[in-house]
Every structure is written in structure tokens, then in C-alpha cells.
Number of protein chains: 2
Amino acid sequence: MASHDPSHHSAQPVAGSAPSERTRIRRIADNARYDRATLHAIVDAAYVCHVAFADDKGTHCIPTACWREGDHLYIHGSNGGRLIKLLAKGTQACVTITHVDGLVLARSAFHHSMNYRSAVVYGCFEAVTDKAAALDAFMHHLAPGREHEARPGNSKELAATTVMRISLAEAACKVRTGGPNDDVEDLQLPVWAGVLPLTMTRGAPVPDGLHIQPAPAYVRGWDGLAV
Amino acid sequence: MASHDPSHHSAQPVAGSAPSERTRIRRIADNARYDRATLHAIVDAAYVCHVAFADDKGTHCIPTACWREGDHLYIHGSNGGRLIKLLAKGTQACVTITHVDGLVLARSAFHHSMNYRSAVVYGCFEAVTDKAAALDAFMHHLAPGREHEARPGNSKELAATTVMRISLAEAACKVRTGGPNDDVEDLQLPVWAGVLPLTMTRGAPVPDGLHIQPAPAYVRGWDGLAV
């Protein structure tokens, strides 16, 4: 995440090294993470990524659903969509996922910050041949087991859908945790300081009004959990 | 949001018309919104946006904190950061904000979808001259009243910080709400269908361990509320 918070009191070591010049994090490098476990966890916690790419109309940034298999991030869409058509040409893309975990309130305005986990991936998407298997994995990510319950895509639906993936090889993560990093001379100021946490949580399932069926485990267990 | 869910049962009218060719939504155009109220509400509900831009190393997509004043979206950062340096050159940018509101489980795999609110803004950032006032507005967005409590930025801190803004004139929103849009012939399938809601919620404040001060109203009232 872009920031001016120097987090200069951080003692966290940088895990690994950047896979390329454009993934080498320079701002607040102490928050950089280059290990697979951090990257995979950030992707797995996401339902949506932001895909940036350029065409003759400029630079675009489009949100779309995503999931991970192995060391690839997957997306899907209609064959006719701009995003899919452009990416199918081999256009370079940058995929970013960000989870905001809290507001960090410091005693000085300057040291305010946010806790977050972000991942930035560079590369080109490639079309996936076994679309049915990939979409089953997507369904499993959304609701484990549902890939065996919902009516599978028929040949017309599968034909209208493109599944694409991008390697996670050229990627960088940034993670900020913990409280504010105030200047020593500000610590005695009569100002509340700390973290205001933010969490994505699950609400009560809303059954569709027509022909309601018994709720499977992933629906019964949905409510109240943090994602 | 890119999607293949046709949402063909939607009866929502499109509000307004696209301000430009590149903001005219073609996929699932029924979900498009071009009115100021929708756009402002999506920006105001966000702590972070994704900024896409291109340089000689390719297309990038960087998350950064944001806030709104009038019909502009604001960001800030260190003068030395890549994002700020590139945007200061007048590089075309695309700013995207996405809120995921739920998973939409249909009876067929094909009609699965997500409920969401997204905004895509095109334009060029410009530097803001009155940085202190803009950063006060940012603080007010994060924690109303705190702009009068935290130590303000000193001349050195303000000099190290750049505040930039982009007009919200060329923007498009997409909003999906409601349940699944199954094909009529699938409605009798013995498959649970409905929405699994997702909400960003606020957790219990974590005071910084040093010199704890009384909590102001925006801290006492933080916990448990949806954002």
C-alpha cells in the first residue's frame, strides 16, 4: 500500500527477496513479504481482485472474482467482455488484492496509518483449457461441496465462459500489523492512540423465496464468522 | 465488476448515462449507475482505492488510502513514492473502489454471482496546494473530530507529503443487489439458493500500551457497527 507512514519501529524481517525490479518494494520496505505462504493466504482470503491493463483507450482497473489453484490466480468471465478479450491477447496485467484490517490512530497526524494485507502480481493471463474443472475449484472456494450440488454448466454455458489464469511467480506482498509508531516526543500527548480493527464478516443467509431447500453445511455455518 | 451473470431478471433502471465511451458499461448494463449519489456513497464507504497507471515498466495497480471532498477523490503519499511521482507527471490513471456485499448462490453453477458496489474513475491527478486542510478532511473521514486532537503535521512532515486529487466527472458505478437469477427450468432443483451476506464490521478498539488516554466518542462507538 502506498503510504507515508515510515513504520520505522517495525522489527519484522523481510521474508525472501523481490522476484523482479518492479516488485521490489521501496516504500516502507520492512512491510514487504515475498514468501509463498503470505501470498497464498492473501489470495485465498479474497473473493475479488483488481485487474489493471492498458488498451488504446488508456489504463483500466476492473474488479473481478478470483480464486487460487497452486501458484496461479484464476478469473473467469464472458467471452465477449472487454477484460477477457484484452487479456486473451496476452496484454500485460497487474492484479492487486487488498484486505484492510484496521485504522491505526497515532498521536500525531503524520503517523496515522492502516493495517492491511496486500498482494500485487505482474504477468500475462493465459486461457485455461479444462474450464469445467477450474470452475468446480472456484465453486469449492466459494462454498465447499457446492460443486457437487448446483447444476453444472451445460455445453452452451461453458462455451460462453472463458477461464484465465496468471502465474503468481512475479508478486510482492505488503503486510502491516500492530499499533502506531509515534515519535518518542509525542508519546506523552493527551491523545488516544491505538487500532480500530476492521473485519469482513458473514451475515445471516437469505434464502431465495422460491422453492426453499434445506440449507447445506456451508450455509448453516456461514453466519457470524470472520472471513 | 466483470461477470458472466446476465442478471436478466433485473428490473432496476439505469440511472443517468455514461460520461464517456470508456465508462459506458456493456456487460450487464442493467447494473450500471451513473448518478452522483451512488458514486459518492461508494467512495465514502471506502478506506482504500486501487490506482492503476502505466510507466516504462508496465501497468501497475497500487492500493492506497482515499477520501472524498465534493466531486473529487483524494489520496496522499510520500513525495518520494513511485505512485506520487508518476501521477504528478499527469499520467492517466484509473481509480477503482469495490465493496463485496455477498455471495449469490444460484441453482445452476452458471448463474452464481456476487452482490457488490463498484466505482471506476478515469482521469489525471492534480496536486493539492492546501495540504493541511485536505489532510484534516482525511482525518475527519477516518475519525470525526480527531483532526482537532492529534498533533498536526509540522512543516517538515507536511513538506514530505504530497496530496493529490482526481475529478469524479468521468466515472461509472456498478451495483448488484438481491438474490439469484436462475433459469425458470432450474427453479425446482433440490439445491439451496440465496445470498450469503458479507459486511465490513468494526472490532473492539485496541489501545496503544503506552500512556493510555481516555477514548473519544469515535473510539467508544466503534465496536460492532457495520462500516
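Because the structure is predicted, anything quoted here is derived from the model rather than measured. Numbers restart at 1 for each chain; the letters A, B, ... are given by sequence-line order, proteins then strands.
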Chemist: Rounded to the nearest 0.5 Å, what separates atom CZ in Arg165(B) from atom OH in Tyr74(B)?
Modeler: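 Result: 4.0 Å between the selected atoms.
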Chemist: Calculate, to the nearest 0.5 Å, the distance between atoms NE2 and CD belonging to His141(A) and Glu147(A) respectively.
Modeler: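 Atom-to-atom, His141(A):NE2 and Glu147(A):CD are 12.5 Å apart.
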Chemist: May I ask you to name which of Pro216(B), Pro190(B), Gly80(B), Gly209(B) has the most heavy-atom pairs under 4.5 Å with chain A?
Modeler: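 Maximum pair count with chain A is reached by Pro190(B).
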Chemist: Measuring heavy-atom distances to chain B, does Pro214(A) have an atom under 4.5 Å in its side chain, in its backbone, in both, or in neither?
Modeler: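 When you check distances to chain B, only backbone atoms of Pro214(A) fall under 4.5 Å.
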Chemist: At a 4.5 Å cut-off on heavy atoms, which part of Arg107(A) comes close to chain B: side chain, backbone, both, or neither?
Modeler: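 For Arg107(A), heavy atoms of backbone and side chain both lie under 4.5 Å from chain B.
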Chemist: Please classify the contact between Val120(A) and chain B as side chain, backbone, both or neither, with a heavy-atom cut-off of under 4.5 Å.
Modeler: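 The answer is the side chain of Val120(A).
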Chemist: Please rank Val195(A), Asp136(A), Ile75(A), Leu189(A) by heavy-atom pairs under 4.5 Å with chain B and give me the top one.
Modeler: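 Counting heavy-atom pairs under 4.5 Å, the top option is Val195(A).
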Chemist: Distance from Arg202(A) atom CZ to Asp223(A) atom CG, nearest 0.5 Å?
Modeler: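 Between Arg202(A) CZ and Asp223(A) CG, I get 10.0 Å after rounding to 0.5 Å.
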Chemist: Under a 4.5 Å heavy-atom cut-off, does chain B meet the side chain of Leu158(A), its backbone, both or neither?
Modeler: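 Neither part, no heavy atoms under 4.5 Å.
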Chemist: How long is the span from the CG atom in Asp30(B) to the CZ atom in Arg176(B), to the nearest 0.5 Å?
Modeler: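 One gets 11.0 Å once the value is rounded to the nearest 0.5 Å.
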Chemist: What residue, out of Asn154(B), Ile212(B), Thr96(B), has the most heavy-atom pairs lying under 4.5 Å from chain A?
Modeler: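 Heavy-atom pairs under 4.5 Å are most numerous for Thr96(B).
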Chemist: Chain A: which of Ala204(B), Ala54(B), Ser20(B), Gly102(B) shares the most heavy-atom pairs with it under 4.5 Å?
Modeler: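 Result: the option with the highest number of such pairs is Ala204(B).
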Chemist: Under the side-chain contact (heavy atoms from CB on, under 4.5 Å) rule, what do Phe110(B) and Thr161(A) come out as? Steps first, then yes or no, please.
Modeler: CA-CA 9 Å; Phe110(B) 186 72; Thr161(A) 305; 3.6 Å; yes
Chemist: Out of Ala143(B), Gly58(B), Cys61(B), Ala150(B), which one racks up the most heavy-atom pairs below 4.5 Å with chain A?
Modeler: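 Most heavy-atom pairs within the cutoff with chain A belong to Cys61(B).
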Chemist: For His76(A) together with Phe138(A), are the ring centres under 6.0 Å from each other?
Modeler: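 Here the rings of His76(A) and Phe138(A) have centres that are less than 6.0 Å from each other.
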Chemist: Heavy-atom pairs under 4.5 Å with chain B are the metric here; pick the option from Val121(A), Thr162(A), Leu142(A), Asn79(A) that has the most.
Modeler: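 Answer, by heavy-atom pair count under 4.5 Å with chain B: Leu142(A).
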Chemist: Strictly below 4.0 Å, N to O, side chains only: are Arg151(A) and Asp186(B) in salt-bridge contact?
Modeler: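 Counted as a salt bridge, because a side-chain N and a carboxylate O are separated by less than 4.0 Å.
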Chemist: Checking heavy atoms, do the side chain of Glu21(B), its backbone, both or neither come under 4.5 Å from chain A?
Modeler: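 When you check distances to chain A, only side chain atoms of Glu21(B) fall under 4.5 Å.
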Chemist: Heavy-atom pairs under 4.5 Å with chain A: which of Lys57(B), Arg22(B), His50(B) has the most?
Modeler: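 With the most close heavy-atom pairs to chain A, the winner is His50(B).
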Chemist: Give, as side chain, backbone, both or neither, the part of Leu103(B) having an atom under 4.5 angstrom from any heavy atom of chain A.
Modeler: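 Leu103(B) touches chain A through side-chain heavy atoms alone.
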Chemist: In terms of heavy-atom pairs under 4.5 Å, which option from Gly203(A), Gly81(A), Gly178(A), Ala106(A) contacts chain B the most?
Modeler: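 Result: the option with the highest number of such pairs is Gly203(A).
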Chemist: Taking C-beta and beyond as the side chain, do Val51(B) and Cys49(B) meet within less than 4.5 Å on heavy atoms?
Modeler: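 Val51(B) reaches Cys49(B) side chain to side chain.
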Chemist: Looking at Trp222(A) and Pro197(B), would you say the former's side chain and the latter's main chain have a donor-acceptor pair under 3.5 Å?
Modeler: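 Pair found, side chain donor or acceptor close to backbone of Pro197(B).
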